[in-house]
Amino acid sequence: MGKERPGGEKQKRMVVGVVCNFAAELKLLLTALLLFCTLVTLLQFVPPRFTISASDFRFCISPIAASPSPSLSDIQSDDLLSSGILRRAFHPYGAAAYNFITMGTYRGGPNTFAIVGLASKPLHLYSRPAYQCQWLPSNTKQNNTNITSSLAYKILPDWGYGRVYTVVVVNCTFSHPVNLDNSGGTLLLHASTSGGGDSKFNLTDTIPALTEPPGTFNLSLFTSKPKYDYLYCGSSLYGTLSPQRVREWIAYHVRLFGERSHFVIHDAGGVHEEVLEVLKPWMELGYVSLQDIREQERFDGYYHNQFLVVNDCLHRYKFMAKWIFFFDVDEYIFVPSKTTLGSVLDSLSDYSQITIEQMPMSNKLCHSVDAAKRHRKWGFEKLVYRDVKRGIRRDRKYAIQPRNVYATGVHMSQNLGAGAKTTHKTEGRIKYFHYHGTIAQRREPCRNLVNSTDINFENKPFVLDTTLRDLAGSVKKFELKMVGSRLYNTRQ
């Protein structure tokens, strides 16, 4: 064998070290070459009509180009004045919140509109943003082109509850009816910051709030008999809801509200696949509408934008229902035997709003007679102990005659029309049983079995109340009649 040259071992180690140092780069280069070759191969099978133009690339990068970063020459610097005073510069970037976010725009009559949306709460708290509406007819030959509303005022129905955003209902009233000839047009909302946020600027956003295509305006909507006697406007549903509890709630209330009723459910993430299976039979029968509102989670409002949702529901169905109810899916409306919901509300028809007394039920206590069969019984059938602690102000829920209401809340409306009346004296005629926390439980609710007509539990007095339990059999028969046995295997 030939003898190695002096220093050969050292040179080998140097070569190995260089290769190791560049191993990552070599892998990246080889990977890039492999991808390039794969792309070239695939392009052989692309139809000749498929091309990528320069405009396509411009479209891809346009979101980036739309918001260029300020150049160094645009940035104001500190300035030392001749007086010796150093005038400091401030450099704003981005935006704290959107000026206005629309959810829906609806007619309130021939010459009025309601725009329901979110706006920056600090803007409304510390400034006076202004709104003005404009109607642009599709027929530009008309003399009334560019009609500007004489009155546009805002309502803040969730005042005190908003977070980054607060709910705003803008009422636009024109001096005379618009689009009576049904030629179509567009309603514009001009939302001005009035110096809020940055007093140097009074920025105005022009928002196309509503477009009425030709032939779609129905003037009779405001005078005809409502399609429904009773409509339910549900708050935002979120979390992992129990399909069984939803099944019980919808069957109970369709039976109570009757044939001329409708239920609007708003899905903020709570209507998962199992809950959807419970709602589908009632949707197919026309009793339930489901709206996916998960997109609202982008905007930080109170309680999954609950106030926004109920106000949109109010104005969307304002002329389609005689009464609209606002309560939750762990609450059950009840009217005494020998009366009906219709007879009760007819006796209260002089009021535009009624509030409903709460009956708080335990979500843990069940009677011991149900021990063996509790897994087969419905929630309101086995949770039979009512909290009777005195001296507590309990939340009330409510119903309204919507044509007399401009905006609404969660527990009542404070924006009724002129002359509209509210009554809280409904005890003995209508109430609701509240099973707090049960709708989000995916387990058996009976955690404590009691063999007594009254008990003190967790420092609260409870009494046995079988009011809703006595109705369970009738509700189950009603569900079987309406949707058959397809929901029998519903899980907790």
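If you read the sequence from its start, that first residue is 1, and numbering goes on from there. Bear in mind that the values here come from a model prediction, so they are computed numbers and not experimental data.
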- prompt: Can you find a side-chain donor-acceptor pair between Tyr303 and Tyr238 that sits under 3.5 Å?
  reply: yes
### Any side-chain heavy-atom pair of Thr105 and Val116 under 4.5 Å
no
(request) Scan side-chain atoms only and decide if His262 and Ser289 contain a donor-acceptor pair under the 3.5 Å cut-off. (result) yes
Q | Check: Tyr332 ring centre within less than 6.0 Å of Phe327 ring centre | A | no
_NZ/NE/NH1/NH2 to OD/OE distance under 4.0 Å, Asp267 and Arg294_ = yes
- Task: With Arg107 as the cation and Phe217 as the aromatic partner, state whether NZ or CZ is under 6.0 Å from the six-membered ring centre and within 45° of the axis.
- Result: yes
Salt bridge or not between Glu381 and Lys476? Use side-chain N to carboxylate O under 4.0 Å. yes
Legend entry - Under 3.5 Å donor-acceptor, Arg429 side chain and Pro336 backbone: no
>> Could you check whether atom CG of Asn456 has more than 12 heavy atoms from other residues, nucleotides or ligands sitting under 6.0 Å from it?
In response: yes
Notebook entry, point to check: Do Tyr435 and Phe380 come close enough that some side-chain heavy atom pair is under 4.5 Å?
Noted result: yes
Practice task
Could you tell me whether Lys421 sits above the aromatic face of Tyr351, with NZ or CZ closer than 6.0 angstrom to the six-membered ring centre and within 45 degrees of the axis?
Solution key: yes
Is it the case that the side chains of Asn415 and Thr408 hold a donor-acceptor pair, with the cut-off being a distance below 3.5 Å and no angle test? no
So, for Phe257 and Tyr287, is the gap between ring centers shorter than 6.0 Å? no
* To do: Would you tell me whether Tyr106 and Asp312 have side-chain atoms, one donor and one acceptor, within less than 3.5 Å of each other?
  => yes
Under 3.5 Å: donor-acceptor pair, side chain of His434, backbone of Glu331: no
Sorted by chain and number, sequence neighbours left out, side chain to side chain contact (heavy atoms under 4.5 Å, CB included) with Arg386 holds for Met359, Met361, Val388, Val463, Asp465
### Message
Taking the side chain as everything from C-beta on, heavy atoms only, tell me whether Ile354 gets closer than 4.5 Å to Thr423.
### Response
yes
Under 4.0 Å between a side-chain nitrogen and a carboxylate oxygen: does that hold for Glu274 and Arg491? yes
Backbone N/O of Asn404 and side chain of Ser352: donor-acceptor pair under 3.5 Å: no
Between Lys431 and Gln358, is there a side-chain heavy-atom distance shorter than 4.5 Å? no
Requested in this report: Please check if the side chain of Lys382 supplies one atom and the backbone of Arg374 the other of a donor-acceptor pair under 3.5 Å.
Outcome: yes
- prompt: Considering only heavy atoms from C-beta outward, does the side chain of Leu464 approach that of His367 to under 4.5 Å?
  reply: yes
query = For Gly184, does its backbone N or O pair with a side-chain atom of Asn179 as donor and acceptor, under 3.5 Å?
reply = yes
inquiry  = Can you see whether Asn305 engages Gln296 through a side-chain donor-acceptor pair at a distance of less than 3.5 angstrom?
reply    = yes
Margin query: Contact between Val168 and Ile155 at the side-chain level, heavy atoms closer than 4.5 Å - yes or no?
Written below: no
For Ser343 and Thr340, does a side-chain donor sit closer than 3.5 Å to a side-chain acceptor? yes
Review point. Are any non-hydrogen side-chain atoms of Leu308 and Asn311 less than 4.5 angstrom apart?
Key: no
With a sphere of 6.0 Å drawn around NE2 of His272, does it hold more than 12 non-hydrogen atoms of other residues, nucleotides or ligands? yes
Query raised in the report: When you check the side-chain N and O atoms of Tyr398 and Thr422, is any donor under 3.5 Å from an acceptor?
Result: no
- Task: Please determine, by modelled atom types, if His190 and Thr204 share a side-chain donor-acceptor pair under 3.5 angstrom.
- Result: no
| said: Is it the case that the side chains of Gln441 and Ser242 hold a donor-acceptor pair, with the cut-off being a distance below 3.5 Å and no angle test? | reply: no
Closest heavy-atom pair, Val329 versus Trp249, reported as atoms and distance to 0.1 Å, is O-CD1, 3.3 Å
Any salt bridge linking Arg376 with Asp370? Criterion: basic side-chain nitrogen under 4.0 Å from a carboxylate oxygen.
no
Closer than 4.0 angstrom, basic N to acidic O: yes or no for Glu479 and Arg255? no
* **Steps toward salt bridge (Lys or Arg N to Asp or Glu O under 4.0 Å) verdict (Lys364, Glu458)** => CA-CA 11 Å; Lys364 300 176 182 178; Glu458 295 180 344; 3.0 Å; yes
| request: Walk me through it: do Arg394 and Asp387 pass the test salt bridge (Lys or Arg N to Asp or Glu O under 4.0 Å)? | output: CA-CA 11 Å; Arg394 303 190 187 277; Asp387 182 353; 3.6 Å; yes
With sequence neighbours left out, the residues meeting ring pair (Phe, Tyr, Trp, His ring centres under 6.0 Å) with Tyr302 are Tyr161, Phe307
Margin query: I'd like to know if the side chain of His253 reaches the main chain of Ile333, judged simply by a donor and an acceptor atom lying under 3.5 Å from each other, with no hydrogens or angles considered.
Written below: yes
Query raised in the report: Counting only heavy atoms not in Glu259, do more than 12 sit closer than 6.0 Å to its CD atom?
Result: no
salt_bridge(Arg163, Asp300) N-O dist < 4.0 Å | yes
Rounded to the nearest 0.5 Å, the NZ atom of Lys397 sits from the CD1 atom of Ile430 at a distance of 13.0 Å
- Message: Can a side-chain donor-acceptor contact be found between Thr173 and Asn171 if the only test is distance below 3.5 angstrom?
- Response: yes
- Message: With no hydrogens and no angle check, just 3.5 Å: does a side-chain donor-acceptor pair link Arg245 and Gln492?
- Response: yes
The reported gap from CG in Leu189 to CD1 in Ile207 (rounded to nearest 0.5 angstrom) is 4.5 Å
task = Evaluate salt bridge (Lys or Arg N to Asp or Glu O under 4.0 Å) for Glu427 paired with Arg396, printing each intermediate quantity in order.
result = CA-CA 11 Å; Glu427 292 84 355; Arg396 298 175 75 95; 3.6 Å; yes
Min side-chain heavy-atom separation Lys377-Cys446 under 4.5 Å: no
Worksheet item: With ring centroids as reference points, do Tyr131 and Phe100 lie under 6.0 angstrom apart?
Response: yes
Next on the checklist: Whether the Ser236 and His266 side chains hold a donor-acceptor pair (N or O, under 3.5 Å, no angle test) is what I'd like checked.
Outcome noted: no
Value for OG (Ser120) from OH (Tyr126), rounded to nearest 0.5 Å, stands at 10.5 Å
- Message: Donor-acceptor check, side chain of Tyr228 to backbone of Trp323, threshold 3.5 angstrom: yes or no?
- Response: no
Rounded to the nearest 0.5 Å, the CZ atom of Arg403 sits from the CZ atom of Phe222 at a distance of 9.5 Å
